[in-house]
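Residue indices begin at 1 and follow the sequence shown. First listed ligand is number 1; within each ligand, the first listed atom is number 1.
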Amino acid sequence: MTESTDPAAGAPETARCGFVALLGAPNAGKSTLANALTGAKVSIVSPKVQTTRTRVLGITTVDRTQVILVDTPGIFQPRRRLDRAMVSAAWQGAADADIVALLVDAAKAEERTDKDTVRIIEGLKKNNRDAILLLNKIDLLKRERLLAVADRLNSEGNFSKIFMISALNGSGIGDFLDFCAAQLPPGPHLFPADQLSDMPDRLLAAEITREKLYLNLHQELPYALTVETETWEERRDGSVKIEQTIYVQRDSQKSIVLGKGGQQVKRIGASAREELEALFDRRVHLFLFVKVRDKWQDDPARYRDWGLDFSA
Ligand code: GDP
Ligand code: MG
């Protein structure tokens, strides 16, 4: 096949490539959509807000177009330093993108638009950014309700196009992807065809453990912790030994993460290991350590690994 990267060529086989930023309030379903469109786990998902802490790329190809999805942390009113860095990373993702898609949880927006979404709509207007509206979680709402919600959002924002989707069951997501692929500019592909994400394995491994912590721990605790991969040791038998530290802010949190007789962390480690083995397609020996470091959220080193701006 001939490959042309000349923007003027316009031939059907011209390679195209670009970035599609997924913006939205916490829990709108951005990471679920990034995973569904790439057909892989590129970003962790949980029912808790603020699961995604940094920009994560999910890469997929439609015909000759490489679509680079930019999953972003939810946008909300920031209170702590980490919040500010996350929200700033999300807006940066939008600024750098060819297409911005705003995800809205249709069920949550049934009565009125939530204040985080209102804030994002205002931000997009201020920056003169066109956006596509993705009304997500349509599996939770009746069709007639959906149209009313879409109408209202359309009057509140500046949307060039609306898609009704369910990131969870996949309905409508193919149409959205095809639309993006057709809109992206001609240009050479930025990633090899088999690459699904830009996340280094060490960070991805830490993210998987963090997801299991989010899924297994209650209430506010997940926000108080972070996970780091300390060692990654390739073994001769093809397996890998991974040691990770779970940082918490207080002794009481450490006891909760450990659980009675260490049962909780053991369970979390087992489920993380199982997923890591599937993900990396090899045996994994995972060792988790829990440490108290009350000020980890004020430590620049924690931000560097995620590529977050410490001073945002
Ligand atoms: P994010 O914070 O925007 O990245 O949201 P996540 O992708 O982490 O999803 C938040 C929660 O919403 C998770 O429990 C998902 O399973 C759920 N979710 C995401 N998309 C859908 C959807 O289309 N339908 C339903 N019913 N749930 C969804
Ligand atoms: Mg997310």
Side-chain angles (χ1 to χ4, degrees), residues 20-58 69-78 82-83 85-94 100-110 113-117 119-121 131-143 145-146 149-150 162-177 197-199 203-204 206-219 222-223 226-227 275 306-308:
V20 179
L22 306 177
L23 286 197
N27 257 354
K30 302 173 291 296
S31 300
T32 304
L33 180 61
N35 291 339
L37 290 174
T38 47
K41 173 91 158 246
V42 294
S43 198
I44 63 171
V45 169
S46 92
K48 297 195 169 65
V49 296
Q50 297 163 40
T51 304
T52 309
R53 282 186 178 162
T54 185
R55 262 182 293 162
V56 177
L57 300 188
L69 300 150
V70 188
D71 183 21
T72 64
I75 293 177
F76 57 101
Q77 174 73 62
L82 180 60
D83 298 347
M86 293 189 328
V87 171
S88 151
W91 280 118
Q92 194 55 48
V100 173
L102 170 61
L103 270 87
V104 176
D105 180 333
K108 218 176 138 194
E110 193 171 353
T113 310
D114 65 279
K115 60 181 189 322
D116 290 327
T117 300
R119 175 189 302 276
I120 300 168
I121 290 174
I132 296 174
L133 175 64
L134 298 182
L135 203 49
N136 188 32
K137 308 199 187 183
I138 59 168
D139 53 293
L140 299 176
L141 228 68
K142 286 214 173 68
R143 177 113 199 132
R145 293 297 305 147
L146 215 52
V149 177
I162 300 182
F163 290 90
M164 311 230 186
I165 65 164
S166 169
L168 198 63
N169 70 22
S171 109
I173 69 171
D175 289 344
F176 165 63
L177 187 62
S197 149
D198 70 331
M199 196 178 273
L203 182 56
L204 180 59
E207 289 286 277
I208 297 294
T209 300
R210 195 161 63 78
E211 180 188 73
K212 303 311 171 208
L213 286 158
Y214 272 55
L215 293 173
N216 284 283
L217 300 172
H218 297 293
Q219 293 148 356
Y223 314 117
T226 195
V227 180
E275 184 161 339
W306 288 316
L308 287 176

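- Heavy atoms of S46 come nearer than 4.0 angstrom to ligand 1 in at least one pair.
- Taking any N or O of T51, backbone or side chain, none lies under 3.5 Å from an N or O belonging to ligand 1.
- Note that CG of N136 and CG of L141 are 11.5 Å apart. Values are rounded to the nearest 0.5 Å.
- Between W91 and I120 there is a side-chain heavy-atom pair separated by less than 4.5 Å.
- In terms of modelled atom types and a separation under 3.5 Å, the side chain of K48 and the main chain of L217 share a donor-acceptor contact.
- Between the T72 side chain and the L22 main chain, a donor and an acceptor come within less than 3.5 Å of each other.
- Checking only distances, I138 never comes within under 3.5 Å of ligand 1, N or O to N or O.
- Under 4.0 Å from ligand 1, the heavy atoms of L140 that appear belong solely to its side chain.
- Near D139, meaning under 4.0 Å from one of its heavy atoms, ligand 1 places the atoms 22 (C), 23 (O), 24 (N), 25 (C), 26 (N).
- Scanning the protein for heavy atoms near atom 2 (O) of ligand 1, the closest one is N27 N, 2.9 Å.
- Close approach of ligand 1 to N136 is summarised as follows: ligand atoms under 4.0 Å from at least one heavy atom of the residue are 20 (N), 21 (C), 23 (O).
- With hydrogens left out, the protein atom closest to atom 17 (C) of ligand 1 is K137 NZ, 3.9 Å, a heavy atom.
- For the ligand labelled ligand 1, residue A28 lies inside the 4.0 Å heavy-atom shell.
- Taking backbone and side chain together, S31 holds an N, O or S atom under 2.8 Å from the Mg ion (ligand 2).
- Taking 2.8 Å as the criterion, T52 counts as a coordinating residue of the Mg ion (ligand 2), since one of its N, O or S atoms falls below it.
- In terms of polar-atom proximity, S31 is counted as a contact of ligand 1, with an N or O under 3.5 Å from an N or O of the ligand.
- Every residue meeting the side-chain hydrogen bond (donor to acceptor under 3.5 Å, both in side chains) condition with Q92, not counting sequence neighbours, appears here in chain and number order: D96.
- Using modelled atom types, one side-chain atom of N27 and one backbone atom of P47 make a donor-acceptor pair closer than 3.5 Å.
- A side chain to side chain contact (heavy atoms under 4.5 Å, CB included) with Y214 is found for one member of E211, K212, R210 and no other, namely R210.
- When each of L134, L135, I75, I121 is checked for a side chain to side chain contact (heavy atoms under 4.5 Å, CB included) with L102, only I121 meets the rule.
- At under 3.5 Å, a nitrogen or oxygen of L168, whether backbone or side chain, sits near a nitrogen or oxygen of ligand 1.
- Looking at ligand 1, you'll find an N or O of K30 within less than 3.5 Å of one of its N or O atoms.
- Proximity annotation for atom 19 (C) of ligand 1: of N169, L103, T32, T32 comes nearest, heavy atoms only.
- In terms of polar-atom proximity, defined here as any N/O pair under 3.5 Å, V45 makes no such contact with ligand 1.
- In this structure, NZ in K41 is found 12.5 Å from OG in S197, a value given to the nearest 0.5 Å.
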TODO: Determine, stepwise, if the pair R55 / D198 fulfils side-chain contact (heavy atoms from CB on, under 4.5 Å).
DONE: CA-CA 10 Å; R55 262 182 293 162; D198 70 331; over 6 Å; no
